[in-house]
Amino acid sequence: MTNYKPPYPYKSFSLHNYRKIPQIEKLSAEQLEAIEVVGRVLPFKTNTYVINELIQWDRLPEDPIFVLNFPQKDMLVPAHYERIQQLLKRNAPKSEIQQAANEIRLKLNPHPAGQLELNVPKIQGEPLHGLQHKYQQTVLFFPSHGQTCHAYCTFCFRWPQFVGMDELKFAAREGSLLVAYLKAHREVTDVLFTGGDPLIMRTKFLAAYIDAILEADLPHVQNIRIGSKALAYWPYRFLSDPDADDLLRLFERVVQKGKHLALMAHFSHPVELETPAVQEAIRRIRATGAEIRTQSPILNNINADASVWAQMWRKQVNLGMIPYYMFVVRDTGAQHYFGITLENAWRIFREAYQKTSGLARTVRGPSMSATPGKVQILGVSEIHDEKVFVLRFLQGRNPDWVHRPFFARYNPDAIWLDDLEPAFGESEFFFETEMRHQFQKKAPHIELN
Ligand SMILES: *Cc1c(COP(=O)(O)O)cnc(C)c1O
Ligand code: SF4
């Protein structure tokens, strides 16, 4: 244990108790109403660390962490906002509000197209619902106890998992199914624990899964990754929680077994890197032999600014972390609020990248995690008098697609891959025929985008 005990207990706040947040009086009547209305549709959860150490309450309403955790009026389009607002005003029954919220959620397109059916692997013909295997080397694992987080990001597309729309929930019952799958798939080098946030789990649950992999003698599984926002939302997970030391010992066991342990840490803003608690947590994690790689989406109203990214990447390197991905968002509840154009994302990436030394240039992006793969926007260029986007796959459903430059007609309004048309009068992108074949085989009723 360390001396970094928080001077307050861990306590989370959501729709039913947010009025007990001590700083709540700093919110205007409109902001309080937004919590009531938008919080019925998008998930809302914050905690004592976020409100005491991250949010700068004198910077409301623009404070980035406030926007990251607290529902804002403009996160719903006016028609949706008014619908819930009216129901609340006339004290509609709970079930009616719930019904309306569910309808709005479904309209917000909660699941990235095809993810449910296209990427769920099978073993002996049985689908494994807690696993996703999209790219050859890496299996995603969604432990059933890790389907929540220490606080919720207002942009997050994982929200169906938090709001109880059960048919959309990926969850594994058993680590043993994972091990059986890994035994049958020697091409897999990486297992990525994801969620929610797997570090919401008590260490003994996480250890049950990880020790099962370590004990199964799977030499082809070389890297264990844990995707988590606990460093940003509750660094005391690594410092003073009752099982913090057990967690660090688990990391050490992975390393001693000759495996690489990568904590894929989600940081959205440099503010999250400034507290003594997070800096000490980073130091302790690194002392186990684990590496910390960082990633975040680029989000309007939170971090759509080159100096913010440059500052974030420089500070991460300074603290011993490795910048990894900048993502473009789609498929979030509030794309109209958080989304930025592909061109702007690329400009911000490029400008920030120019401001860092080579040590931070391990970062890749901006990248869209789209149905065919992770597509990076390399830039805007002009070829034979035609203005184009230059793109490439960083990951592809077919590995042969990776790192082949391809071109789309320039479109300043495009925010996603499906807004793009091939350049030079071509009728399709090079990967589309094969994509269609894969879809028809596995999920014929899903529209390709
Ligand atoms: C991003 C991602 C991975 C990991 O890709 P890396 O480039 O190896 O980090 C694995 N599976 C899915 C579905 C992903 O989106
Ligand atoms: S911590 Fe991750 S999974 Fe949880 S709400 Fe934020 S982005 Fe979503």
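When a ligand or atom number is given, it counts from 1 through the structure's own listing order. Residue numbers count from 1 along this sequence.
Residue-ligand proximity: Arg225 is placed with a non-hydrogen atom under 4.0 Å from ligand 1. In this structure, Leu140 is part of the shell of residues with a heavy atom less than 4.0 angstrom from ligand 1.
In this structure, atom 2 (C) of ligand 1 lies nearest to the protein heavy atom Lys374 NZ, 2.4 Å. Of the protein's heavy atoms, Tyr325 OH, 2.6 Å lies nearest to atom 7 (O) of ligand 1. Scanning all protein heavy atoms for the shortest distance to atom 12 (C) of ligand 1 gives Tyr135 CE1, 3.5 Å. The shortest contact between atom 5 (O) of ligand 1 and any protein heavy atom is with Gln395 NE2, 3.5 Å.
With 2.8 Å as the limit, Cys149 does not count as an N, O or S neighbour of atom 6 (Fe) of ligand 2.
Electrostatic pairing of Arg202 and Asp246 does not count as a salt bridge here, judged by no charged N lying under 4.0 Å from a carboxylate O.
Shown in contact with Lys229 at under 4.0 Å from a heavy atom are these atoms of ligand 2, numbered in order with element: 1 (S).
Using modelled atom types and a 3.5 Å distance limit, the side chains of Glu434 and Asn398 yield a donor-acceptor pair. A side-chain donor from one of Arg237 and Thr203 sits under 3.5 Å from a side-chain acceptor of the other. The closest side-chain donor-acceptor pair between Gln335 and Arg330, if any, does not fall under 3.5 angstrom. Tyr233 and His266 are not linked by any side-chain donor-acceptor pair at a separation below 3.5 angstrom, with hydrogens and angles left out of the test.
Taking only non-hydrogen atoms, the option from Cys153, Pro43, Ala151 nearest to atom 7 (S) of ligand 2 is Cys153.
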